[in-house]
Amino acid sequence: MILAAGRGERMRPLTDHTPKPLLPIAGKPLIVWHLERLTQAGFKEVVINHAHLGDMIEDALQDGAQWGLRIQYSPEAIALETAGGIANALSLLGSDPFLVVNGDVFTDIPFANLKLSSGNLAHLLLIDNPPQHMQGDFAFADEKIKLEGEPKLTFSGVGVYHPALFEGIKRGDPAKLAPLLKQAIADGKVSAEHFKGVWHDIGTPERLMALNQQLLGHS
């Protein structure tokens with residue numbers, strides 16, 4: 001599942017007429033980088049949620065056939081936040097664990113290698129704290145994720161989840177992901193790994209421009 005329902009307030013005015021996942025990175029929509037990498041990793045089915053300018057996303061990506069994918073869409077009349085958006089799409093996602101990727105990150109995380117251990121509810125990819133989030137999200141030491149302690153790392157927006165993590169959320173209700181993850185971590189049902197490759201949060205026009213300059217300069 002690719003999360004693409006955010007309004008992109010910090011990206012305005014760029015997102016007034018273009019949904020954030022369609023903003024170009026090195027001449028290609030941000031979400032297309034994800035689709036290509038998911039195809040390379042062997043994925044066949046993708047669910048994309050959307051709210052703001054969602055028809056533009058469907059028009060641009062269609063059914064996903066050009067990437068060898070089957071894309072289904074989960075429209076939201078109001079943005080349901082991360083957990084609410086996932087819960088709303090569970091009927092499309094099925095009963096097995098599934099990968100979720102934030103639509104507004106640019107990364108070369110190897111999606112094919114991500115697995116959920118038996119009995120766990122989530123497996124999270126953590127990254128070094130970026131300049132805009134130096135406080136981090138979760139403690140990670142000895143390959144274990146914890147709520148408290150040092151060092152702290154930042155959640156990348158990429159994770160593998162079991163549908164049971166979202167069973168308490170009523171379909172169509174907004175709900176944040178962080179409380180669910182914190183409870184599952186406290187229950188010892190979350191694993192994590194520290195990813196040290198390419199990862200950029202495309203959260204502001206300045207970051208979008210900087211990444212474009214970096215990629216186009218290297219090409």
Only counting residues at least two apart or in another chain, list the ones meeting ring-ring contact (aromatic ring centres under 6.0 Å, His included) with F155. none
Quick one, L90 and L92 - any side-chain contact, counting heavy atoms below 4.5 Å? no
Are the side chains of V32 and I25 in touch, meaning some heavy atoms are under 4.5 Å apart? no
Could you tell me which non-hydrogen atom of A4 sits nearest to which non-hydrogen atom of I57, and how far apart they are? O-CD1, 3.9 Å
Kindly indicate whether the side chain of K182, heavy atoms from C-beta on, has any atom under 4.5 Å from the side chain of L147. yes
Could you give all pairs that pass the ring pair (Phe, Tyr, Trp, His ring centres under 6.0 Å) test and reach residues 167-189, with sequence neighbours left out? none
Take atom NZ in K176; do more than 12 heavy atoms of anything else shown fall under 6.0 Å from it? no
For residues 150-160, which residue pairs qualify under side-chain hydrogen bond (donor to acceptor under 3.5 Å, both in side chains), counting only residues two or more places apart or in two chains? N129-T154
So, taking the atom named CD1 in I169 and the one named CD in E167, what distance separates them when rounded to the nearest 0.5 Å? 10.0 Å
Can you tell if the side chain of P130 reaches within under 4.5 Å of the side chain of D201, non-hydrogen atoms only? no
Separation between CE (M11) and CD (E206), nearest 0.5 Å, reads 8.5 Å
Please find the pair of heavy atoms, one from L165 and one from A184, that lie closest to each other, and give the distance. CD1-CB, 4.1 Å
Find the distance between CG (L38) and CD1 (I71) and round it off to the nearest 0.5 Å. 9.5 Å
Are V158 and L153 linked, directly or through other ILVMFWY residues, by side chains that come within less than 4.5 angstrom of each other? no
Check side chain to side chain donor-acceptor pair (under 3.5 Å) between R7 and all other residues, then give those that pass, not counting sequence neighbours. D16, H52
Do you know the tightest heavy-atom contact between A192 and L126? CB-CD1, 3.9 Å
Using a 6.0 Å cut-off, check whether atom CD of E148 has over 12 heavy atoms from anything other than its own residue. no
Main-chain N/O of P24 paired with N212 side-chain donor or acceptor, under 3.5 Å: yes
Following the transitive rule for hydrophobic clusters with a side-chain heavy-atom cut-off under 4.5 Å over Ile, Leu, Val, Met, Phe, Trp and Tyr, establish whether M1 and L30 coincide in one cluster. no
Approximate separation, where rounding is to 0.5 Å, of H123 NE2 and H162 NE2: 15.5 Å
Does L208 reach the side chain of I202, with side-chain heavy atoms less than 4.5 Å apart? yes
Do H50 and E58 pass the side chain to side chain contact (heavy atoms under 4.5 Å, CB included) test, and can you show the C-alpha distance, the side-chain angles, and the key distance before you say yes or no? CA-CA 9 Å; H50 61 68; E58 294 200 24; 2.7 Å; yes
Joint cluster assignment, F195 & F140, ILVMFWY side-chain distance < 4.5 Å: no
Kindly indicate whether the side chain of L61, heavy atoms from C-beta on, has any atom under 4.5 Å from the side chain of Y73. yes
Contact check, side chains of L181 and D137, non-hydrogen atoms, under 4.5 Å: no
W199 side chain to I127 main-chain N or O, any donor-acceptor pair under 3.5 Å? no
Does some side-chain heavy atom of I86 sit less than 4.5 Å from a side-chain heavy atom of N49? no
Return a table of donor-acceptor pairs under 3.5 angstrom between the side chains of residues 96-112 and protein atoms on other chains or two or more places apart.
residue, atom, partner, partner atom, Å
D104, OD2, K20, NZ, 3.0
T107, OG1, I109, N, 3.1
T107, OG1, V198, O, 2.7
D108, OD1, V198, N, 3.0

Does one hydrophobic cluster hold both M56 and L23, with members joined at side-chain heavy-atom distances below 4.5 Å? no
If I compare all heavy atoms of H34 with all of I2, which pair ends up nearest, and what's the gap? CB-CD1, 3.9 Å
Is there a donor-acceptor pair under 3.5 Å between the side chain of D63 and the backbone N or O of A65? yes
Check step by step if side chain to side chain contact (heavy atoms under 4.5 Å, CB included) holds for L80 and I78. CA-CA 6 Å; L80 298 174; I78 55 160; 4.1 Å; yes
Contacts of D128 that satisfy side chain to side chain donor-acceptor pair (under 3.5 Å) - sequence neighbours left out: H194
In sequence, state the C-alpha distance, the side-chain angles, and the governing distance for E193 and L125, and then conclude on side chain to side chain contact (heavy atoms under 4.5 Å, CB included). CA-CA 5 Å; E193 61 189 274; L125 272 285; 3.6 Å; yes
Identify the two heavy atoms, one from A79 and one from A5, that lie closest to each other, and give their separation to 0.1 Å. CB-O, 4.0 Å
Using 30° and 60° as the class limits, which term best fits the ring planes of F166 and Y161: parallel, tilted or perpendicular? perpendicular
So, for K189 and G119, which heavy atoms are closest and what is the spacing to 0.1 Å? CD-O, 3.9 Å
Please say yes or no: joined through hydrophobic side-chain contacts below 4.5 Å, possibly via intermediate residues, are L22 and L53 part of one cluster? yes
